[in-house]
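Note: hydrogens, waters and symmetry copies are ignored here, and every other heavy atom, side chains too, is used. Nothing fancy with the numbering, it's 1 onward along the sequence.
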Amino acid sequence: MSGVAIAINAAISTAAYCMTVRMIPRFREMFIKANLFGKDLCKKDKPQVPESFGVLIGCVFLVSLFLFIPIPFAFDEAAATDAITGGKPDTFPHDKFVELIAALLSICCMIFLGFADDVLDLRWRHKLLLPTIATLPLLMVYYVNYNSTTVIMPNFARDLFGTSLNIGALYYVFMGMLAVFCTNAINILAGINGLEVGQSLIIAGSILLFNAIELMLGHQVDSHIFSIYFMLPFLATTLALWKFNKYPSQVFVGDTYCYFAGMTFAVVGILGHFSKTLLLFFLPQILNFLYSTPQLFHFVPCPRHRLPQYDSKTDLLHISTTEFRLEDLNAPGRLMVTVLRNLRLISWHTKADGVVRTNNLTLINFVLVVFGPVHERVVTQMLMGLQVLCTLIALTIRYPLANYFYAKT
């Protein structure tokens with residue numbers, strides 16, 4: 001019966017794609033009139049582009065799943081029998097119903113908070129706090145329905161910890177931090193046409209592929225079906241948005257979309273019980289976070305915007321830079337930039353007055369450090385290619401390598 005529900009979900013998702021493709025052009029002028037627009041700084045004429053279109057995509061996604069809410073339960077044998085025969089009320093799968101509603105509530109909260117960020121330009125401390133609050137419904141449902149905080153130990157640690165280890169409240173801390181990471185990781189690997197949407201498309205496709213593999217293997221069937229219910233409409237609406245956000249962008253997605261996408265991934269990872277595998281699909285975002293750490297935590301001067309510099313004469317992107325005196329940095333900052341310099345992971349130019357100029361620490365700028373000035377479309381393609389490569393690495397880690405480290409003894 002779940003196959004029928006998935007087929008209906010796919011049909012609703014197809015309709016959502018068509019609706020989104022029709023709606024985006026019609027709302028462009030409306031967003032500009034509402035002063036929700038920005039200039040595309042990586043174009044010669046710096047055109048005005050409507051932004052915060054993530055709120056529109058999020059609304060279509062929510063409407064799609066609101067329409068879908070009764071479908072899984074209509075095709076649930078126990079629920080259907082109860083509805084027809086008037087049997088005992090406890091045959092209805094209340095736990096699944098609450099999971100679905102709580103997941104939608106968390107996503108809805110993040111869409112609202114993301115739009116507030118686009119309009120009010122919230123500070124970074126708020127960007128860390130808000131996803132944590134929006135995750136509370138998920139954590140409460142997880143506590144009530146499962147409350148499983150046991151971690152399976154790899155073979156090399158079993159002599160010390162045993163086969164499994166109950167980490168208690170730390171597991172909930174991990175899940176809360178996962179939501180914070182997912183919502184912000186896409187946001188900090190952004191800034192050029194199509195990158196936010198492109199990486200989200202590949203992550204969503206990776207999750208669906210993983211769900212399909214797990215269903216074929218018969219592992220946690222209900223959890224992966226739950227994930228598919230969310231990923232299909234997300235993939236459909238995101239694919240429609242990609243049509244208008246890829247180079248040259250006709251619309252910008254804003255922080256709203258980044259928060260919406262990140263929370264949707266966190267939802268399926270937490271309630272689908274594959275949070276560690278989800279992190280494997282975020283390998284480029286993890287690399288970008290680690291590379292950005294010196295600036296994110298202000299060990300190295302961090303400008304408000306770290307976008308690459310655009311050369312209108314050549315139509316190419318160049319690295320954007322930050323400047324500092326090495327002796328002005330604290331000890332951790334000096335250590336970090338020294339390690340990065342010795343590994344040749346950053347550019348390094350010392351002026352006559354002793355001021356050091358280096359690239360801003362983002363994966364986008366790193367691509368430009370390695371390959372030199374490159375066209376904006378090419379940079380996006382390179383980073384999307386990296387995302388696909390990391391998906392293959394993630395699946396390799398998840399299956400052949402995981403089976404080795406977690407082999408039954």
Tell me if the [atom1] atom of [X] is crowded by more than 12 foreign heavy atoms within 6.0 Å.
{"X": "Phe37", "atom1": "CZ", "value": "yes"}
{"X": "Met19", "atom1": "CE", "value": "no"}
{"X": "Lys243", "atom1": "NZ", "value": "no"}
{"X": "Tyr143", "atom1": "OH", "value": "no"}

Could you tell me whether the side chain of [X] and the main chain of [Y] form a donor-acceptor pair under 3.5 Å?
{"X": "Gln220", "Y": "Leu215", "result": "no"}
{"X": "Arg28", "Y": "Gln250", "result": "yes"}
{"X": "Thr380", "Y": "Asn193", "result": "yes"}
{"X": "His375", "Y": "Arg377", "result": "yes"}
{"X": "Ser312", "Y": "Lys44", "result": "no"}
{"X": "Thr256", "Y": "Phe115", "result": "yes"}
{"X": "Asn145", "Y": "Asp95", "result": "yes"}
{"X": "Gln199", "Y": "Ala190", "result": "no"}
{"X": "Arg357", "Y": "Glu323", "result": "no"}
{"X": "Asn184", "Y": "Asn187", "result": "no"}

Decide yes or no for [X] and [Y]: does some side-chain heavy atom of the first lie under 4.5 Å from some side-chain heavy atom of the second?
{"X": "Met153", "Y": "Thr163", "value": "no"}
{"X": "Thr237", "Y": "Pro233", "value": "no"}
{"X": "Arg334", "Y": "Asn330", "value": "no"}
{"X": "Pro131", "Y": "Tyr259", "value": "no"}
{"X": "Thr183", "Y": "Phe260", "value": "no"}
{"X": "Pro301", "Y": "Leu329", "value": "yes"}
{"X": "Ile202", "Y": "Phe281", "value": "no"}
{"X": "Phe226", "Y": "Met231", "value": "no"}

Work out which heavy atom in [X] is nearest to a heavy atom in [Y]; give both atom names and the distance.
{"X": "Asn365", "Y": "Ile319", "answer": "OD1-CA, 3.3 Å"}
{"X": "Ser223", "Y": "Gly272", "answer": "CB-O, 3.4 Å"}
{"X": "Gly191", "Y": "Glu196", "answer": "N-OE2, 3.7 Å"}
{"X": "Val21", "Y": "Phe244", "answer": "O-CZ, 3.6 Å"}
{"X": "Thr135", "Y": "Ser106", "answer": "CA-OG, 4.4 Å"}
{"X": "Leu317", "Y": "Glu376", "answer": "CD1-CA, 3.7 Å"}

Spacing of [atom1] belonging to [X] relative to [atom2] belonging to [Y], to within rounding of 0.5 Å:
{"X": "Trp348", "Y": "Asn342", "atom1": "CH2", "atom2": "CG", "result": "9.0 Å"}
{"X": "Ser227", "Y": "Ile270", "atom1": "OG", "atom2": "CD1", "result": "12.5 Å"}
{"X": "Thr362", "Y": "Phe289", "atom1": "OG1", "atom2": "CZ", "result": "14.5 Å"}
{"X": "Phe252", "Y": "Asp40", "atom1": "CZ", "atom2": "CG", "result": "4.0 Å"}
{"X": "Leu278", "Y": "Leu178", "atom1": "CG", "atom2": "CG", "result": "5.5 Å"}
{"X": "Leu195", "Y": "Ile364", "atom1": "CG", "atom2": "CD1", "result": "5.0 Å"}

### Task
Give the intermediate values and the outcome of side-chain contact (heavy atoms from CB on, under 4.5 Å) for residues Ile203 and Gln285.
CA-CA 11 Å; Ile203 293 172; Gln285 289 71 26; 4.1 Å; yes

Given Thr150 and Ile167, is the side-chain contact (heavy atoms from CB on, under 4.5 Å) satisfied, shown in steps? CA-CA 6 Å; Thr150 300; Ile167 60 175; over 6 Å; no

Tyr247 and Gln381 side chains, donor-acceptor separation under 3.5 Å
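Result is no, nothing qualifies.
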
Requested in this report: Start with the C-alpha distance between Phe230 and Ile107, add both sets of side-chain angles, then the distance that settles side-chain contact (heavy atoms from CB on, under 4.5 Å), and finish with yes or no.
Outcome: CA-CA 11 Å; Phe230 280 79; Ile107 294 171; 3.8 Å; yes

ask   = Are Asp315 and Lys43 within salt-bridge range, i.e. N to O under 4.0 Å?
value =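 Between Lys43 and Asp315 there is no salt bridge, as every charged N stays at least 4.0 Å from the carboxylate O atoms.
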
Lys39 and Glu51 ion-paired at < 4.0 Å:
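No, this pair does not count.
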
According to the interplanar angle, ranging from 0 to 90°, do the rings of Tyr399 and Phe210 count as parallel (below 30°), tilted (30 to 60°) or perpendicular (above 60°)?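 Taking Phe210 first and then Tyr399, their aromatic rings sit tilted (interplane angle of 30° to 60°).
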
### Task
Check the angle between the aromatic planes of Phe27 and Phe31 and answer parallel, tilted or perpendicular using the 30° and 60° thresholds.
perpendicular

So that I know where these two stand, are [X] and [Y] an aromatic pair - ring centroids less than 6.0 Å apart?
{"X": "Phe53", "Y": "Tyr257", "result": "no"}
{"X": "Tyr310", "Y": "His318", "result": "no"}
{"X": "Phe68", "Y": "Tyr229", "result": "yes"}

Practice task
Quick one: do Asn359 and Ser347 satisfy side chain to side chain donor-acceptor pair (under 3.5 Å)? Show the steps, please.
Solution key: CA-CA 6 Å; Asn359 60 285; Ser347 63; 3.3 Å; yes

Practice problem: Assess whether ring-ring contact (aromatic ring centres under 6.0 Å, His included) is satisfied between Phe265 and Phe234, documenting all intermediate values. | Solution: CA-CA 10 Å; Phe265 295 143; Phe234 177 84; 5.1 Å; yes

Could you check Val268, Thr264, Leu235 and say which one makes a side chain to side chain contact (heavy atoms under 4.5 Å, CB included) with Ile207?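 When Val268, Thr264, Leu235 are each tested with Ile207, the side chain to side chain contact (heavy atoms under 4.5 Å, CB included) holds only for Val268.
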
Hey, mind stepping through Gln295 and Arg306 against side chain to side chain donor-acceptor pair (under 3.5 Å) and telling me if it holds?
CA-CA 10 Å; Gln295 286 190 312; Arg306 301 184 294 167; 3.0 Å; yes

- Task: Decide side-chain contact (heavy atoms from CB on, under 4.5 Å) for Ile57 and Ile24; before the verdict, give the C-alpha distance in whole Å, the side-chain angles of both, and the deciding distance to 0.1 Å.
- Result: CA-CA 9 Å; Ile57 307 308; Ile24 290 177; 3.9 Å; yes

